[in-house]
Amino acid sequence: MSCLASCCFAMSCGLCSSVASGISKTSARLAYCGLFGLSLIVSWVLREVATPLLKKCSWINTSDTYTKEWYQTQAVLRVSLGNFLFFAILALIMIRVKYQNDRRDSWHHGGWIAKMIIWLLLVVLMFFLPNEVVTVYGQFRSYWKEKMICSSNCLFSAEDPLDYAVPFPDLICTFSCVYVIPSRDQPVQTLLAGIISKFGAGLFLLVQVLLLLDFVHTWNDSWVAKDEQKWYIALLVVSIVCYIAAFAFSGILFIWFNPSGNDCGLNVFFIVMTMVLAFGIALIALHPSVNGSLLPAAVISVYCAYVCYTGLSSEPRGYACNGLHRSKASSITTLILGMLTTVLSVLYSAFRAGSSTTLLSPPSSPKSGGSKPLLEGQDEEEGKEKKKETEEARPVSYSYSFFHLIFALASMYSAMLLSGWTSSSDSSDLVDVGWTSVWVRICTEWVTFALYIWTLLAPVLLPDREFF
């Protein structure tokens with residue numbers, strides 16, 4: 001058995017070594033995305049199977065009142081904390097890396113065997129930390145609430161109380177109240193969630209919205225810059241299709257989340273508000289004073305309709321107005337598809353953040369908008385001599401520090417998804433379900449609309465300032 005284990009370990013090490021050695025500069029970002037995706041898989045697996053193991057850890061199982069949901073959240077947050085520390089350390093190390101001849105550039109693109117070992121050690125070490133550390137990071141924290149128990153004792157002045165009629169004028173009552181402070185062995189009365197991971201997850205959602213706005217404006221500008229009729233027609237067609245899809249999807253939401261026979265005013269408000277805002281940004285974009293375009297407004301409308309759907313679908317499965325969760329148990333297919341969508345969304349956001357050409361490129365990068373080429377006005381012979389120096393001092397194409405920071409924030413965001421934003425609910429077996437998830441999604445939709453409206457109105461309201 002030991003020989004077999006040694007062979008398996010050697011094969012695993014050989015596989016990791018071959019994978020790490022095959023990672024080049026062009027595939028480094030994909031490798032980081034793969035490592036982040038692996039952390040999500042580990043979090044999900046431990047969320048489902050680690051409860052019996054955590055119960056055996058005396059430094060984690062400090063109370064008999066902890067529920068299965070509490071252990072699931074512990075497993076997710078501990079993996080997330082290790083992943084966050086890994087990318088946060090890299091973000092700090094990569095601060096002010098501007099040129100490829102910087103030694104830290106090779107650290108960013110290479111050393112993958114060491115990185116995998118460090119990542120694994122950080123994740124494992126998180127499971128040896130006391131609960132107080134995880135509490136600060138994002139787990140529930142309990143505080144003990146005093147209870148007041150009152151009792152009454154009523155006596156009659158007469159020997160036979162039946163001799164008196166209502167309202168018993170001679171009834172004498174005494175009241176007494178005592179305070180009871182529960183011990184730490186009793187169930188938690190009130191929960192106060194940690195805010196660090198929630199704050200980081202909120203920042204990630206904000207960055208995600210900014211990246212979307214950057215994407216739609218870049219898309220629109222690239223087609224307008226071609227200045228050809230076919231591209232203008234393409235802009236119009238795509239815009240119309242997106243708006244039809246947004247309003248048609250909103251109509252489907254009425255069917256799914258406003259079933260007949262139920263008072264679903266809140267769901268109706270969310271859906272109607274989405275449609276009103278989608279129509280409103282189109283009017284603002286087409287106003288002559290704004291000089292906007294319909295394509296960004298149409299894409300934002302489709303995205304917000306989808307966010308509204310994810311918010312409404314996160315409502316508890318027992319909620320009468322949630323037509324998608326009428327059955328008591330969610331199907332395995334729905335669970336897998338929902339988790340896959342979450343993983344792809346997080347990976348795309350992190351990868352897009354590291355490759356943005358306008359928001360994240362350092363000032364020395366060619367992608368940051370510099371107009372001068374690296375070699376200009378050089379003779380051919382001088383160019384050959386300078387080429388080597390230029391290659392050694394070539395600027396990096398994106399901010400390494402910000403790239404790793406996005407992954408660190410995405411680690412917090414994924415932990416909030418898998419733990420239901422660390423709020424107690426009756427749907428601990430489902431991913432991203434609960435009223436906290438609903439409001440986070442809906443607020444994200446509203447913030448997206450608000451930021452897009454600001455990008456349209458800011459040049460009009462502040463004409464003396466330059467906006468990029």
Side-chain angles (χ1 to χ4, degrees), residues 1 5 8-9 12 38-86 119-145 181-198 201 316-318 328-330 332 335-336 338-339 342-343 411-437:
M1 183 63 69
C8 293
F9 180 75
S12 301
L38 177 62
S39 70
L40 296 183
I41 296 175
V42 171
S43 298
W44 191 15
V45 171
L46 292 181
R47 180 183 184 271
E48 301 300 325
V49 303
T51 298
L53 300 176
L54 295 180
K55 289 182 178 180
K56 297 179 180 180
C57 301
S58 58
W59 60 92
I60 296 178
N61 187 9
T62 58
S63 175
D64 295 333
T65 60
Y66 293 150
T67 63
K68 177 184 177 182
E69 181 184 3
W70 187 89
Y71 287 107
Q72 289 178 332
T73 305
Q74 279 283 318
V76 170
L77 289 178
R78 289 175 186 268
V79 175
S80 169
L81 180 56
N83 208 43
F84 165 77
L85 290 177
F86 175 78
W119 175 82
L120 182 61
L121 289 176
L122 284 174
V123 172
V124 172
L125 286 176
M126 295 306 103
F127 286 87
F128 291 92
L129 294 178
N131 293 337
E132 288 75 13
V133 177
V134 183
T135 296
V136 175
Y137 177 68
Q139 174 64 299
F140 293 137
R141 181 176 60 188
S142 62
Y143 65 88
W144 307 98
K145 185 177 180 181
I181 302 177
S183 65
R184 291 187 178 272
D185 294 332
Q186 291 178 290
V188 176
Q189 302 299 326
T190 311
L191 298 174
L192 179 63
I195 62 172
I196 293 181
S197 56
K198 289 183 174 61
R317 60 187 177 186
K328 207 165 185 180
S330 179
I332 298 178
L335 181 61
I336 293 177
M339 186 61 186
T342 300
V343 171
S411 300
M412 295 182 174
Y413 176 68
S414 61
M416 293 299 99
L417 291 182
L418 289 171
S419 63
W421 293 83
T422 66
S423 63
S424 58
S425 66
D426 297 330
S427 304
S428 61
D429 294 333
L430 300 178
V431 176
D432 195 20
V433 171
W435 285 110
T436 305
S437 298

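Residues: numbered from 1 along the sequence shown. Reckoned from all heavy atoms, side chains included, excluding hydrogens, waters and symmetry mates.
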Close side-chain approach of [X] to [Y], heavy-atom, < 4.5 Å:
| X | Y | value |
| --- | --- | --- |
| Q74 | N131 | yes |
| V76 | W44 | no |
| F127 | L54 | yes |
| T51 | Q72 | yes |
| L85 | M126 | yes |
| Y137 | S80 | yes |

**OP:** Have a look at V124 and tell me which of L121, L120, L122 forms a side-chain contact (heavy atoms from CB on, under 4.5 Å) with it.
**Re:** L120

**OP:** Carefully, step by step, assess N61 and Y71 under the rule side-chain contact (heavy atoms from CB on, under 4.5 Å).
**Re:** CA-CA 9 Å; N61 187 9; Y71 287 107; 2.7 Å; yes

Would you compute the distance between atom [atom1] of [X] and atom [atom2] of [Y] and round it to the nearest 0.5 angstrom?
| X | Y | atom1 | atom2 | answer |
| --- | --- | --- | --- | --- |
| L129 | L77 | CG | CG | 12.0 Å |
| S39 | F84 | OG | CZ | 13.5 Å |
| L81 | S411 | CG | OG | 10.0 Å |
| R78 | L46 | CZ | CG | 11.5 Å |
| M416 | T73 | CE | OG1 | 8.5 Å |

**OP:** Work out which heavy atom in M412 is nearest to a heavy atom in A201; give both atom names and the distance.
**Re:** CB-N, 4.0 Å

